[in-house]
2 protein chains.
Amino acid sequence: MSILPKPAARTLASDAYERIRAEIRTGRFRPGDRLRFADLQALCAMSVTPVREALARLTAEGFTSLDDHRGYSVAQLSLSELRDITANRKLCEGEALRLSIERGDAQWEAGVIAAHHLMVRVPQGREDMPSAIRDDWDARHAAFHRALIAACGSAILLDTCGRLFAHADRYRRVSVSLLMSGRDAEAEHRLIMETALARDGAAAVAALHAHYEKTAEALEAFFDGQGS
Amino acid sequence: MSILPKPAARTLASDAYERIRAEIRTGRFRPGDRLRFADLQALCAMSVTPVREALARLTAEGFTSLDDHRGYSVAQLSLSELRDITANRKLCEGEALRLSIERGDAQWEAGVIAAHHLMVRVPQGREDMPSAIRDDWDARHAAFHRALIAACGSAILLDTCGRLFAHADRYRRVSVSLLMSGRDAEAEHRLIMETALARDGAAAVAALHAHYEKTAEALEAFFDGQGS
DNA sequence: GAGTCAACGATTTTCGAAAATCCAGACGAT
DNA sequence: ATCGTCTGGATTTTCGAAAATCGTTGACTC
């Protein structure tokens, strides 16, 4: 049984949204690439209208950008934006985790433990693995981080965190193997979980911050090497 | 032909976006109202395609909501969401203000003073005033709050704050006069500005938090009276 | 040779109608 | 009387082509 519950896109527009978003996430559409309607229509096998709606949504979320009458293109990645995202994640997810620890009940604890278990049962994705495996781990990784902050009680904060996570995800994707080499991501995740379940807010937030900092540092090194 | 004072609206879609957004802001479209394409086409004098794109953007920003095949409607207002927005504003704008105070230069100081001056030169909007006057004060009020955090150095944080401000704005609109009666908003604004310019981060953030709390309290009282 | 401008090609943006979908009410069966 | 099915009308969603716009090429002038 698959983790992906097949959300069954109810309209072509949402189908196109998920499809194009996936192409950007996986790097098939590269940062800066122009997105021509003709190509996207061919890819999604539909007319221009739903494609346009999908691009409008993607742009509102920052995955693509729009110049009037010059069309859409994939949003650029930059070192400065990576730093910006990291700082905002520390602020928002840190606060959300603190609130979750303060307000979470046994149900929340169970959710965190379950999500962590599902994540560690699957090997961490590497670049040489089939993308389906990598996608699977990514989905479980995202679910774990979501479970941590699920009890914060603020729908808006959860939305903000989700947005930031999705953007950070794009950066993480550019080099999975480099990112995780020489690190013990499992230990970092376990430390976050254990301090959270122990209701030690300060320690949990500190662990979360350290986790993000290490991720950002690895990516910065990669970016420097690339010269982009 | 000379260029009219309307440099914006480079496409019909963005024109529709601003128009519908304004109708929601001013309360002409009420929370929960269904937004039929036929009506919006008549209002904006254009076809369905740009209207659809406008609604897609508005939905991504939370002003409208979409049920597949059941159309768009104006997002509801609720006491719990108001509390949620207030909490998030305290978190995000508080941090942005702290960063601005830390990093802002003389240019930032000048911007704050200028925006404050422009705001106090115009009388606070009341319900019996023509809406053009109210809109004017609202715009200057928004500009003042933006100027305060302009030097925070984080584009993403500024975006988040702008989103939150726009939502809070909808709540403030439901009762301008009640909101400001018995309060001294001018004094609150001045205190924020003075502590910020004095580079007293803690005091400025505290003043900002108090400002938001008072706004939220006044609105809560209004909501209770309405029973909604 | 450099600069200006007009027409062209490529692409986005918009239109109006057709297709798909949902809601409400009527009808019949249990 | 209640439940479930079916149809009519209203509304969204999608299509394919037309209109508008931008960047570029090439000719033409200075």
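Naming convention: chains lettered A, B, ... in sequence-line order (proteins, then strands); numbering from 1 in each chain.
Comment: A:E53 engages B:R52 in a salt bridge, judged by a side-chain N to carboxylate O separation of less than 4.0 angstrom. A salt bridge between B:R173 and B:D135 is present, with a side-chain N of the basic residue lying under 4.0 Å from a carboxylate O of the acidic one. The pair B:R98-B:E102 meets the salt-bridge criterion, since a charged nitrogen lies less than 4.0 angstrom from a carboxylate oxygen.
Ring-centre distance between B:H145 and B:H116: not below the 6.0 Å cut-off.
Going from atom OH of B:Y72 over to atom P of D:dT13 covers 6 Å, rounded to whole Å. D:dT14 atom P lies 7 Å from atom CD of A:E53, rounded to whole Å. Between the C1' atom of C:dT11 and the CG atom of A:D67 lies a distance of 13 Å, rounded to the nearest Å. The nearest whole Å value for the distance from the CG atom in A:D15 to the C1' atom in D:dT14 is 13 Å. Between the CG atom of B:L12 and the P atom of C:dC15 there is a distance of 5 Å, rounded to whole Å.
Between A:M46 and B:G71, the residue anchored nearer the 5' end of DNA chain D, judged by the nucleotide with its closest heavy atom, is B:G71.
Relative orientation of the A:F63 and A:H167 rings is perpendicular, given thresholds of 30° and 60° on the angle between their planes. Note on ring orientation: taking the six-membered ring where Trp is involved, the planes of B:H189 and B:W137 are tilted (angle from 30° to 60°).
In this structure, A:F37 has no ring-ring contact (aromatic ring centres under 6.0 Å, His included) partners at least two apart in sequence or on a different chain.
For CZ of B:R28, the number of neighbouring non-hydrogen atoms (other residues, nucleotides, ligands) closer than 6.0 Å is 12 at most.
The stretch residues 29-44 of chain A touches DNA chain C through A:R34, A:L35, A:R36, A:F37, each having a heavy atom within less than 4.0 Å of the strand.
Taking the side chain of A:T49 as heavy atoms from C-beta on, and the options C:dT14, D:dC15, D:dT13, the nearest nucleotide is D:dC15.
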(message) What does the B/S/- profile of nucleotides 18-24 of chain D look like, 5' to 3', with a 4.0 Å heavy-atom cutoff to protein?
(response) ---SSS-

